[in-house]
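Working notes, structure below.
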Amino acid sequence: MLFGKKKSTGMDIKSLRALDGKAVKYVTERDSESYRELKVGEEGAINVSDTELTVVCTGVNAIRCSLSDVNAAELMNKSGITIKGTDLDSGTVRSVIAYYSDGSVSADRKR
C-alpha cells in the first residue's frame with residue numbers, strides 16, 4: 001500500500017472499559033431515509049461488562065453490542081462517542097451517537 005492509511009478499528013477494549021458508568025445526556029441515530037437525526041433516548045449511562053457494551057437511557061437499552069463486534073470512537077470535540085455494531089436486541093447493525101452529560105441533573109420546577 002503506497003501512501004495508504006491503515007484502517008482504524010476505533011477504541012480498544014481498555015478505553016471502552018474506562019467509559020463504564022459515564023453519564024449520557026442523550027443518544028441519537030441518523031435515519032437512512034430522511035438523513036435526519038432521531039433522538040433514541042436521554043438521561044442514561046454507558047455500561048461495559050466483560051462481554052457487552054450497553055447504552056441505557058431511562059431504563060431502556062438504546063444499543064447493546066458485543067465488545068468483540070463493536071466499533072467506537074470519540075467525537076473530535078470529546079463531547080460524545082459514536083458506537084457502531086450489531087445490536088443484540090434487534091439483530092440489526094446500528095450506528096448511534098451518545099453525547100456525554102456534564103454530570104448535572106435538571107429538575108422541573110412548579111411555580
Side-chain angles (χ1 to χ4, degrees):
M1 262 195 317
L2 188 60
F3 302 111
K5 288 187 177 181
K6 185 177 173 182
K7 183 179 177 184
S8 173
T9 57
M11 297 174 77
D12 61 1
I13 292 179
K14 183 179 178 182
S15 298
L16 290 173
R17 288 188 199 281
L19 293 173
D20 186 38
K22 183 93 170 164
V24 172
K25 185 183 283 186
Y26 58 94
V27 178
T28 64
E29 183 173 22
R30 186 171 298 273
D31 181 14
S32 61
E33 292 178 12
S34 66
Y35 300 107
R36 294 182 133 184
E37 291 285 326
L38 303 173
K39 190 181 277 188
V40 177
E42 55 188 345
E43 297 179 3
I46 299 171
N47 297 315
V48 183
S49 69
D50 291 335
T51 58
E52 294 179 355
L53 179 140
T54 308
V55 179
V56 179
C57 293
T58 57
V60 178
N61 291 345
I63 189 167
R64 184 172 69 100
C65 298
S66 170
L67 274 181
S68 61
D69 177 50
V70 73
N71 185 355
E74 275 196 310
L75 300 177
M76 289 179 69
N77 63 2
K78 305 289 187 196
S79 66
I81 184 171
T82 301
I83 302 167
K84 183 175 182 179
T86 304
D87 188 348
L88 297 175
D89 294 333
S90 67
T92 60
V93 176
R94 295 181 60 210
S95 179
V96 300
I97 301 173
Y99 294 91
Y100 302 141
S101 173
D102 59 3
S104 63
V105 177
S106 63
D108 290 334
R109 295 182 184 181
K110 306 251 182 192
R111 294 182 188 204

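Model, not experiment: these values are computed from the prediction. Because only heavy atoms are used, hydrogens play no part in the values below, and waters and symmetry mates are left out as well, while side chains stay in.
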Using side chain to side chain donor-acceptor pair (under 3.5 Å) as the criterion, list what pairs up with [X], not counting sequence neighbours.
X: Ser95; value: none
X: Asp50; value: none
X: Thr54; value: none
X: Thr82; value: none

Query - Qualifying residues under salt bridge (charged side-chain N to carboxylate O under 4.0 Å, His left out), relative to Lys78, sequence neighbours excluded - result: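 Partners of Lys78 under the salt bridge (charged side-chain N to carboxylate O under 4.0 Å, His left out) test: Glu74.
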**Report entry** For Asp89, salt bridge (charged side-chain N to carboxylate O under 4.0 Å, His left out) partners two or more places apart
**Finding:**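 Asp89 satisfies salt bridge (charged side-chain N to carboxylate O under 4.0 Å, His left out) with Arg64 once adjacent residues are dropped.
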Qualifying ring-ring contact (aromatic ring centres under 6.0 Å, His included) pairs, either residue in [range], two or more places apart:
range: residues 47-75; answer: none
range: residues 43-95; answer: none
range: residues 39-94; answer: none

Quick check for you: to the nearest 0.5 Å, what is the distance between [X] atom [atom1] and [Y] atom [atom2]?
X: Asp31; Y: Arg36; atom1: CG; atom2: CZ; result: 9.5 Å
X: Ile13; Y: Leu67; atom1: CD1; atom2: CG; result: 5.5 Å
X: Glu29; Y: Ile83; atom1: CD; atom2: CD1; result: 11.5 Å
X: Leu16; Y: Ile81; atom1: CG; atom2: CD1; result: 6.0 Å
X: Tyr99; Y: Thr28; atom1: OH; atom2: OG1; result: 4.0 Å

Query - Identified side-chain contact (heavy atoms from CB on, under 4.5 Å) counterpart of Ile46 within the set Ile63, Val56, Val55 - result: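 Of Ile63, Val56, Val55, side-chain contact (heavy atoms from CB on, under 4.5 Å) with Ile46 is met by Val55 alone.
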Requested in this report: May I have the step-by-step check of side chain to side chain contact (heavy atoms under 4.5 Å, CB included) for Arg94 and Val40, ending in yes or no?
Outcome: CA-CA 12 Å; Arg94 295 181 60 210; Val40 177; 4.0 Å; yes
**Report entry** Partner residues of Ser49 under the side chain to side chain contact (heavy atoms under 4.5 Å, CB included) criterion, sequence neighbours left out
**Finding:**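 Side chain to side chain contact (heavy atoms under 4.5 Å, CB included) check on Ser49 returns Thr51, Glu52.
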Report task. Could you pull out all residues at least two apart from Val60 that satisfy side chain to side chain contact (heavy atoms under 4.5 Å, CB included)? Result ->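 Checked Val60 against side chain to side chain contact (heavy atoms under 4.5 Å, CB included); zero matches.
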Pairs under 3.5 angstrom only: tabulate donor-acceptor contacts from the side chains of residues 18-27 to other protein residues two or more places apart or in another chain.
| residue | atom | partner | partner atom | Å |
| --- | --- | --- | --- | --- |
| Asp20 | OD1 | Val48 | N | 2.8 |

Query raised in the report: Short question: side chain of Asp69, backbone of Thr86 - any donor-acceptor pair under 3.5 Å?
Result: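 Looks like yes, one N/O pair under 3.5 Å.
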